[in-house]
Amino acid sequence: MRRAFYARPVLEVARDLVGCVVEHGGCAGVIVETEAYHDSEPACHAFVGLTPRTSTLFGPPGVAYVYRSYGIHALLNAVSEPAGIGAAVLIRALEPVAGVDAMFARRGVVRVEDLCSGPGKLTQALGIELTHNGTSLASGPIVFSPRPAAWRGVQVSVDRRVGITKAVELPWRFCAADSRFLSRRVRVARAA
DNA sequence: CATGGGATTGACT
DNA sequence: GTCAATCCCATGC
């Protein structure tokens with residue numbers, strides 16, 4: 001997708017990225033789970049303002065923001081909203097569609113459901129590293145492309161974000177309904 | 001310069 | 001269900 005796709009409200013970008021394709025390292029997968037982050041809320045790294053770490057988030061949209069989580073995992077985000085606004089979409093899970101053998105080799109698991117069903121898993125499966133921070137999602141090496149025809153009308157479920165301690169109430173997680181490749185099940189809304 | 005806290009995962013009880 | 005691994009960076013002295 002071009003830059004204009006990402007230069008929109010991050011909630012729209014997060015929803016619209018479900019069903020799109022991510023390619024890297026000879027592998028590809030369809031995005032089945034995303035989360036939105038915005039500098040107006042404390043769960044977002046950009047909440048603290050412009051620092052060396054957050055400069056990617058405040059930069060131009062359509063760029064990869066990759067950072068290390070828990071000292072171990074690289075997490076992939078798509079910088080969104082116009083430059084000057086710190087916002088990004090976290091890619092949390094993929095349905096593997098190409099290069100599955102390479103994914104198994106990188107992951108060392110036996111079930112296809114374990115390849116990309118989490119934000120740290122999918123970066124390992126695709127060989128995405130911290131050095132990809134700041135690279136264009138249009139020209140690569142990580143490339144995002146529009147929904148294949150079969151995903152054009154995908155049903156998207158909404159849920160609260162996973163693994164955060166602040167702004168936990170915001171319904172900013174978007175999942176392909178009924179996908180078996182999610183990092184966790186969508187929590188069904190409880191009756192009031 | 002020292003400290004502390006994670007947008008997680010996998011191994012283990 | 002619990003818990004440690006491990007590193008980047010924001011913050012505070």
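Note on naming: letters A, B, ... go to the chains in the order of the sequence lines (proteins, then strands), and numbering restarts at 1 for each one.
Following rounding to the nearest Å, A/Tyr65 (OH) and B/dA7 (C1') show an atom-to-atom distance of 9 Å. The separation between A/Leu182 atom CG and B/dT9 atom P is 13 Å, rounded to whole Å. Taking atom CG on A/Leu170 and atom C1' on B/dA7, their separation rounds to 13 Å, with Å as the unit. As rounded to whole Å, 10 Å separates atom C1' of B/dT9 from atom CD of A/Gln124. Remark: P of B/dT9 and CZ of A/Arg68 are 14 Å apart, rounded to the nearest angstrom.
Side-chain contact of A/Gln124 with A/Arg107: a donor-acceptor pair under 3.5 Å is present, judged by distance alone.
Proximity of the aromatic rings of A/His45 and A/Tyr67 is defined here by a centroid distance below 6.0 angstrom, and this criterion is met.
The shortest distance between the side-chain N/O atoms of A/Lys166 and the OP1/OP2 oxygens of B/dA7 is not below 4.0 Å. Listed pair A/Arg173 / B/dA7 fails the phosphate criterion, with no side-chain N or O lying under 4.0 Å from OP1 or OP2. Using a 4.0 Å cut-off, some side-chain N or O of A/Arg107 falls inside it from OP1 or OP2 of B/dG10.
Around the CD atom of A/Gln155, the shell of radius 6.0 Å holds no more than 12 heavy atoms that belong to other residues, nucleotides or ligands. For A/Arg147, the CZ atom counts as densely surrounded, since its 6.0 Å shell holds more than 12 non-hydrogen atoms of other residues, nucleotides or ligands.
A 4.5 Å side-chain heavy-atom check between A/Leu75 and A/Thr123 finds every atom pair outside the cut-off. At a threshold of 4.5 Å between non-hydrogen side-chain atoms, the residues A/Lys121 and A/Cys116 do not count as touching.
Under a 4.5 Å side-chain heavy-atom criterion applied to ILVMFWY residues, the cluster that includes A/Ile85 comprises that residue alone. Other residues sharing a hydrophobic cluster with A/Phe58 under the 4.5 Å side-chain heavy-atom criterion for ILVMFWY residues are A/Leu50.
Using a 4.0 Å heavy-atom cutoff across all strands shown, A/Arg92 reaches sugar-phosphate atoms only and no base atom. At the heavy-atom level, A/Leu90 lies under 4.0 Å from base atoms of the strands shown.
Taking 4.0 Å as the cut-off between side-chain N and carboxylate O, A/Glu113 and A/Arg180 count as a salt-bridged pair. Salt bridge absent: A/Arg8 and A/Glu81 never bring a charged side-chain N and a carboxylate O closer than 4.0 Å. In summary, A/Glu35 and A/Arg92 engage in a salt bridge, as defined by a charged side-chain N under 4.0 Å from a carboxylate O.
Checking A/Asn77, A/Leu130, A/Thr56 one by one against A/Val66, the side chain to side chain contact (heavy atoms under 4.5 Å, CB included) holds for a single residue, A/Leu130.
A cation-pi arrangement is present between A/Arg161 and A/Tyr37 under the rule of less than 6.0 angstrom and at most 45 degrees off the ring axis.
Scanning DNA chain C 5' to 3' for nucleotides with an atom closer than 4.0 angstrom to a non-hydrogen atom of chain A gives a first and last hit of C/dA5 to C/dT11.
Considering NE2 of A/His73 and CD1 of A/Ile128, their distance stands at 15.0 Å, rounded to 0.5 Å.
A heavy atom lying under 4.0 Å from DNA chain C marks the following residues of residues 70-87 of chain A, by number: A/Tyr70, A/Gly71, A/Ile72. Listed in residue order, the members of residues 22-52 of chain A having a heavy atom less than 4.0 Å from DNA chain C are A/Val48, A/Thr51, A/Pro52.
Among the duplex regions that DNA chain C forms, those built from at least three successive Watson-Crick or G-U pairs under 3.5 Å are B:1-6 with C:7-12, B:8-12 with C:1-5, ordered by first number.
Each of A/Lys121 and A/Gly163 has a nearest nucleotide on DNA chain B; the 5'-most of these lies closest to A/Gly163.
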